Amino acid sequence: MTKRITKAVIPAAGLGTRMLPIARAVPKEMLPIVDRPAMSYLVEEAAKSGITDILIITGRGKEAIENYFDYSTEYDSRLLAKGKESTVKELHREAEEVNVHFIRQLEPKGLGHAIRRAKSFVGNEPFAVLYGDDIIFSEVPVVKQLIGLFEKYGKAVVGSKEVTVEQIQKYSSLKVESTGTKDEYFVSDMIEKPSPDQIFSLLTILGRVILTPDIFDILDNTEPGAGGEIQLTDAMKVLSNTVGMTALIFEGTRYDLGSKLGLLTANVDRALRDESIGPAFREYLKTVCKGL
Ligand code: UTP
């Protein structure tokens, strides 16, 4: 019987250099998708997957994330005076549906380095990781999909998709073997930012993983890799080489909010589905596209 997964870690301490100059003033994890910050979608995904405790890893200049999960008495009193109790209830919901904890990374030395900060929070349990700038819209929350695979094989899981040869060189590449079930794989090796001759497959890791606590001892011994950063992929490589991991081609559309195109496409996608502005926005887009 595998342990139930109730904890999640959201690393959000990266500098976000691809999103300068805005990242200097607003953490990329707080950039809006229509009227909600990216972080709100991540916490909602975790909560809907059965997670009860979330650790957000922050750093200097990321205070907006912490403030978001607080009550705002100024807004509350204004709204209550206008009889808008349901709006206040909705604003409180995110702070109340899960316990959100915070820790600072101190120095942004890579995703692996950030995850190391979660050691005492995680203890001896398996846990989910949601990359702070990856938003995934899906029917079933992706963390829940991954937990399903963890419960099936009892091994750490990476969320995966197939990408192009050009893209894989910027991401990671997985060495996989079929489990016999569609979209489920055993993973025995992986590499971060492979050169063309190092590519195992076009399957990459995207945004969500389930890890076992043995990752922390491995991370303690992981040297800086690609870009001089302590890479989570390098530690997961050791896990896959030794006890083995699994990969799930998840159902859902993923947006990289650490890139301009990802931010814009996520907004267009959500705005079109938004009940209040969707129809007007669709008309606007039609007019704009005609002129192209
Ligand atoms: P990225 O590699 O996309 O973030 O990490 P980055 O380093 O901020 O990106 P660029 O290249 O400078 O634009 C994925 C997630 O991991 C977090 C980021 O905040 C992001 O949510 N991260 C990254 C950390 O928490 N600490 C780090 O040292 C690096």
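In this text the structure is predicted, and so the values were computed from the model without any measurement. Whatever order the structure lists them in is the order used to number ligands and atoms, beginning at 1.
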Throw together a table of side-chain donor-acceptor distances under 3.5 angstrom for residues 226-234, partners on residues two or more places apart or in other chains.
{"from": "Gln231", "atom 1": "NE2", "to": "Ala226", "atom 2": "O", "distance (Å)": "2.7"}
{"from": "Thr233", "atom 1": "OG1", "to": "Glu192", "atom 2": "OE1", "distance (Å)": "2.5"}

TODO: Output every pair passing salt bridge (charged side-chain N to carboxylate O under 4.0 Å, His left out) with a member in residues 48-71, not counting sequence neighbours, ordered by first then second residue.
DONE: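 Matches after skipping sequence neighbours: Glu29-Lys62, Glu44-Lys48, Glu63-Arg104.
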- [ ] Return yes if some donor-acceptor pair links the side-chain N/O of Ser160 with the main-chain N/O of Ile249 below 3.5 Å, else return no.
- [x] no
- [ ] Using a strict cut-off of under 4.0 Å between a residue heavy atom and any atom of ligand 1, list the qualifying protein residues by chain and number.
- [x] Pro11, Ala12, Ala13, Gly14, Leu15, Gly16, Thr17, Arg18, Lys28, Glu29, Gln105, Pro108, Lys109, Gly110, Leu111, Ala114, Gly132, Asp133
Open item on the list: For Tyr185 versus Ser178, what's the shortest heavy-atom pair and its separation?
Closed with: CD2-CA, 3.9 Å
Open item on the list: Ring-plane angle category for Tyr71 and His92, please: parallel below 30°, perpendicular beyond 60°, tilted otherwise.
Closed with: parallel
For residues 213-222, which side-chain donor-acceptor pairs fall under 3.5 Å, sequence neighbours excluded?
{"from": "Asp214", "atom 1": "OD1", "to": "Thr212", "atom 2": "OG1", "distance (Å)": "2.5"}
{"from": "Asn221", "atom 1": "ND2", "to": "Asp217", "atom 2": "O", "distance (Å)": "3.1"}
{"from": "Thr222", "atom 1": "OG1", "to": "Ile218", "atom 2": "O", "distance (Å)": "2.8"}

